[in-house]
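If you read the sequence from its start, that first residue is 1, and numbering goes on from there.
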Amino acid sequence: MWADNETSEDLLGFKVHADLLINIIKDESILPITVGVFGDWGSGKSSILQIVKEEFENENDKDSLCIYFNGWTFEGYDDAKAALLNSILKEVEDNKKISEEIKGTIKEKAKKLWKSIDWMRGAGMVMKNVALPAVSAYFTGGLSLVPFAIQKLTEWGDNPEKIIEKLQSEEGKEIYKAFVKEGKEENKNTTNAVAEFRKDFSELLEATNFKRLVVIIDDLDRCSPERIIENLEAIKLFLNVPKTAFIIGADPRIVKYAIEHKYKNNKEIEEDNNRIVIDYLEKLIQLPYSLPRLSESEVETYISMLICKKEIGDTKFKNVLDEFKKYRLTNKYSAFGLSNFEKILEAEEFEKVKDNVITIPSLVPLITNSLYGNPRQIKRFLNTYTIRKRLAEVASLQSFNDAVLAKMMILEYSEPKLFKKLFEWQIIQDGVPKEITDIEAISKEKGIEDVISEIKDTDFKEWSKPKIIKWFQIEPLLSGVDLRDYYWIARDKLENSITATSMIPPVVRTLFNELLPDNMTTTVTKSLLTEKFQPFNDIEKDAFFNLLSSNLKRNPQQKRLYDIFNAMAEDKIENTVYHYMETLKIISVSDIEPAVATRLADFKSEPEIGTFLNDYFKDGKSRASKAFNLKK
């Protein structure tokens, strides 16, 4: 299994992206700058930022002060803007790279900035108690408005409900007009207040002797829209502050949604919403850097490296990682996989890795397309794959093919509707759907476009996508493969369509089918039960009884089902009598053949079941009752 956490351990060759960002930020001529590291959820943004962070935090780098800030950590704070400013200021004051000689100067210069942050936090707390967005808009515009807001609101008392009631009254309308008028006057000084904040912070940074302050803000896209905007507004306070570099990691779609959310009640702005969003981002982020999706060779490398690490452990994997870094310096395009591992690992270690990696190369194109080259999705795919392999082992599934499992999971991830369609086909045909054979026959040794052309007007037209045709053509082929085992371990994905009988473990169904022939003798029946039923775990035994019972209830005249129950009862197999009696309670005596009743009469003297059978056949009218009572 693989942990779903960001890491600075580079299994993707993403250090090249981190190195680029570091190179840009170390260019003093372009500071100040705000960089947006953009990518989908799970694309590797956090791992890249961790590499950047480690580089700048290196003790040998005396010129850089790096602060890492996780926006999501402060999601529950009343004022995320103040929380971010607070973290930056505290890190500047307390950083270990700052010498003791200048710490006093730093703290002295920080006092004024602390007061500014306190004002902002206080204003934020007050305004969160005033549920009027129009008023809030005037009071959150800048530092110079804070004293004005607090002064006016405190004149009305400290009860938020009364303040809101006051503002919503007729009297409040006049007060609101006064707020607007005075607020506009105060707003003229906002620019100067922000400029003063930047000047104070610039002086503080100058006193630290650092050449650059790097602030990394990660997981911004996990925050609520309100928190995203608060963090972005805090960053705006530092725009144009010399020597600063902000690196923001986020999914741009989420950030754009937050900006749209901010202006959703402003009709004038909503009419030109797209332009507003673009302008907002362009003013805030000077350098947008979008991460590319992984290529096929990168996906193969990533999967191979993950499996290798799991099989040989962290200590020995360090050698593999070092060789991978060297390899990437000269080769950016080829996969780093088994052929490379063989040169690095000892024979025994290599064989362990090989057993788990061998099926990967052929499936990589499908994994890349199905999971969109997304590292987190790939890791989750592998975790699910590993869990299902273990389940197959625990459930003692025979003839289980890991490559078939991987291929089936690709269909499950990329085309869930077709995955369920295939499930329906295999149920009807005892696990071996004829349709698979038909499509594979059409697909054999033909180009994808030719196959699509041939099946697009048939009953298989929903399977005519290029990636699905490729899925059919890739090894292992599924013609003749019993798919029940694979659907049984994936039944959590089929909760809306799976039938009760499909929940039966495949090993249980296999034994049941082996016992069904009518010409099987009692001796052979008991031998099979001893060999295969007795080793079952409790869940599998219960499943077998349920399968036998449900079939007998549906087919009460099928003599062979009684024979199996009888053989189990004679061998005193635990719980047999209970399940047998519970089944017979549902079956009408008139549906039982006389020959079956005669055989059941052998249990007349047995405790519990004997008492039950004597009562069950007591009417004496049906043919089965007469046959039972005739036998002494």
Mind checking the [atom1]-[atom2] spacing from [X] to [Y]? Nearest 0.5 Å is all I need.
| X | Y | atom1 | atom2 | answer |
| --- | --- | --- | --- | --- |
| H579 | E574 | NE2 | CD | 9.5 Å |
| K326 | N340 | NZ | CG | 13.0 Å |
| I436 | W463 | CD1 | CH2 | 5.5 Å |
| D322 | K325 | CG | NZ | 6.0 Å |
| R599 | D563 | CZ | CG | 7.5 Å |
| Y487 | E412 | OH | CD | 8.5 Å |

Hey, are the side chains of [X] and [Y] touching, using non-hydrogen atoms and a 4.5 Å cut-off?
| X | Y | answer |
| --- | --- | --- |
| I455 | K461 | no |
| E298 | Y302 | no |
| L306 | L382 | yes |
| L411 | K467 | no |
| P607 | V577 | no |
| K526 | M568 | no |
| Q473 | V451 | yes |
| L321 | M305 | yes |

Q. Would S334 and N331 count as a side chain to side chain contact (heavy atoms under 4.5 Å, CB included) if you check the C-alpha gap in whole Å, the side-chain angles of each, and the deciding distance to 0.1 Å?
A. CA-CA 6 Å; S334 301; N331 195 325; 3.4 Å; yes
Q: Would you check, one step at a time, whether the test side chain to side chain donor-acceptor pair (under 3.5 Å) holds for N566 with Y580?
A: CA-CA 9 Å; N566 293 337; Y580 205 177; 2.8 Å; yes
Q | Cation-pi check, K434 onto W425 ring (under 6.0 Å, within 45° of axis) | A | no
Will you find, in the side chains of [X] and [Y], an N or O donor that is under 3.5 Å from an N or O acceptor?
| X | Y | value |
| --- | --- | --- |
| R554 | N551 | yes |
| E440 | S479 | yes |
| T525 | R560 | yes |
| S304 | T301 | no |

Q) Would R390 and E393 satisfy salt bridge (charged side-chain N to carboxylate O under 4.0 Å, His left out), going step by step from the backbone distance to the final call? A) CA-CA 5 Å; R390 290 182 184 177; E393 292 169 5; over 6 Å; no
How about [X] and [Y]: are their ring centroids closer than 6.0 Å?
| X | Y | result |
| --- | --- | --- |
| F350 | F341 | no |
| F536 | F545 | no |
| Y413 | F419 | no |

Q. Are S590 and S588 close enough, and set up right, to give a side chain to side chain donor-acceptor pair (under 3.5 Å), and what steps lead you there?
A. CA-CA 5 Å; S590 61; S588 172; 2.8 Å; yes
Q: Take S527 and T530 through the test side chain to side chain donor-acceptor pair (under 3.5 Å) and record every step on the way to the result.
A: CA-CA 5 Å; S527 175; T530 300; over 6 Å; no
Might you confirm whether atom [atom1] of [X] has over 12 heavy atoms from other residues, nucleotides or ligands at distances under 6.0 Å?
| X | atom1 | result |
| --- | --- | --- |
| K421 | NZ | no |
| K15 | NZ | no |
| K389 | NZ | yes |
| K559 | NZ | no |

Please check if the side chain of [X] supplies one atom and the backbone of [Y] the other of a donor-acceptor pair under 3.5 Å.
| X | Y | result |
| --- | --- | --- |
| E415 | I468 | no |
| N555 | Q557 | no |
| Y385 | A406 | no |
| K407 | I474 | yes |
| K352 | E311 | yes |
| N401 | A403 | yes |
| N546 | D542 | yes |
| T598 | F628 | no |
| E351 | E348 | no |
| D251 | F38 | no |

Q: Test side chain to side chain contact (heavy atoms under 4.5 Å, CB included) on I312 and V320 and set out the steps.
A: CA-CA 10 Å; I312 68 175; V320 176; 4.0 Å; yes
Q. If you look at every heavy atom in N629 and F617, which pair is closest and at what distance?
A.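 Looks like ND2-O, 3.2 Å.
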Q: Compare every heavy atom of A543 with every heavy atom of V508, then report the nearest pair and how far apart it is.
A: CG1-C, 4.0 Å
Q: Decide yes or no on side chain to side chain contact (heavy atoms under 4.5 Å, CB included) for L515 and F544, but give the supporting numbers first.
A: CA-CA 12 Å; L515 291 167; F544 181 87; 3.6 Å; yes
**Q.** Verdict with supporting geometry, Q534 and L529, side chain to side chain contact (heavy atoms under 4.5 Å, CB included)
**A.** CA-CA 7 Å; Q534 295 293 10; L529 289 168; over 6 Å; no
Using a strict 4.0 Å threshold on nitrogen-to-oxygen distance, state whether [X] and [Y] make a salt bridge.
| X | Y | value |
| --- | --- | --- |
| K446 | E454 | yes |
| K618 | D615 | yes |
| K354 | E342 | no |

Q: Carefully, step by step, assess D482 and R484 under the rule salt bridge (charged side-chain N to carboxylate O under 4.0 Å, His left out).
A: CA-CA 6 Å; D482 189 335; R484 284 177 293 189; 2.7 Å; yes
